[in-house]
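In what follows, every chain begins at residue 1, and chains take the letters A, B, ... in the order their sequences are listed.
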Amino acid sequence: MNPQIRNPMKAMDPGTFYFQFKNLWEANNRNETWLCFTVEVIKQRSTVSWETGVFRNQVDLETHCHAERCFLSWFCEDILSPNTDYQVTWYTSWSPCLDCAGEVAEFLARHNNVMLTIYTARLYYSQYPNYQQGLRSLSEKGVSVKIMDYEDFKYCWEKFVYDDGEPFKPWKGLKTSFRFLKRRLREILQ
DNA sequence: ATTTTCAAT
């Protein structure tokens, strides 16, 4: 059965962003994943259009659709064309799970015209070897996997949050957690 | 320095 195609949201509320994207290790109860994206449509080596939006995982009575799969089903249905190149960038609150990493890797293997960069606020179940392997398989497929730094949070705030003109206010410990996660990701990808 | 974490209890 095909998952239901949903359109992305335009943006998210400030409270949602601050809660879901907080990168502190004691940030628990983040039982959702939010995925902000930009899609650059590239023709003759220059960007000709942009799509941006926000997905979150969908929880229905019968189906669970992770945010990455929500993106892929929308992208394949509404955007993807074989003779066009795409630069896709994700900003996710959690990094992809094992299954999503596999699906994304497989998708990219079938579509050489799609380039993907992933910035993630936190690493999902990164203590488990099979989740680590998922991240490695993405990296080996040419996906650039990175930890979100201050500039990336600020960019997300400005582009994907109904910020009402308010500036991004970084939380205490953002940089320390970033450094830790970056080191951890480097160890995983080595 | 590292967790329950795309929920379920």
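Hydrophobic cluster of A:Tyr124: the remaining members, joined at side-chain heavy-atom separations below 4.5 Å, are A:Trp94, A:Tyr125, A:Tyr128, A:Tyr131, listed by chain and number.
Here A:Trp157 and A:Phe21 keep their ring centres 6.0 angstrom or further from each other.
Taking the C1' atoms as reference points, B:dA1 lies 25 Å from B:dC6, given to the whole Å. Distance noted for atom P between B:dA8 and B:dT3: 22 Å (whole Å).
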**OP:** Start with the C-alpha distance between A:Trp171 and A:Asn23, add both sets of side-chain angles, then the distance that settles side chain to side chain donor-acceptor pair (under 3.5 Å), and finish with yes or no.
**Re:** CA-CA 9 Å; A:Trp171 46 88; A:Asn23 67 348; 2.8 Å; yes

Original post:
Which letters describe nucleotides 3-9 of chain B, given B = protein heavy atom under 4.0 Å from base, S = only from sugar-phosphate, - = neither?
Top reply: BBBBBS-

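One finds the OG1 atom of A:Thr120 at 8.0 Å from the CE atom of A:Met148 (value rounded to the nearest 0.5 Å).
The aromatic rings of A:Phe17 and A:Phe153 stand perpendicular to each other, their planes meeting at an angle above 60°, with 30° marking the opposite boundary.
For A:Ser81, the side-chain contact (heavy atoms from CB on, under 4.5 Å) partners are A:Thr84, A:Tyr86, not counting sequence neighbours. By the side-chain contact (heavy atoms from CB on, under 4.5 Å) test, A:His111 pairs with A:Leu80, A:Phe107, A:Asn113, A:Val114, sequence neighbours left out.
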Original post:
Starting at the 5' end of DNA chain B, what dot-bracket string do you get if Watson-Crick and G-U pairs under 3.5 Å are bracketed, crossing pairs use [ ], other-strand pairs use | and unpaired bases use dots?
Top reply: .........

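Counting only residues at least two apart or on different chains, no salt bridge (Lys or Arg N to Asp or Glu O under 4.0 Å) pair has a member in residues 132-141 of chain A.
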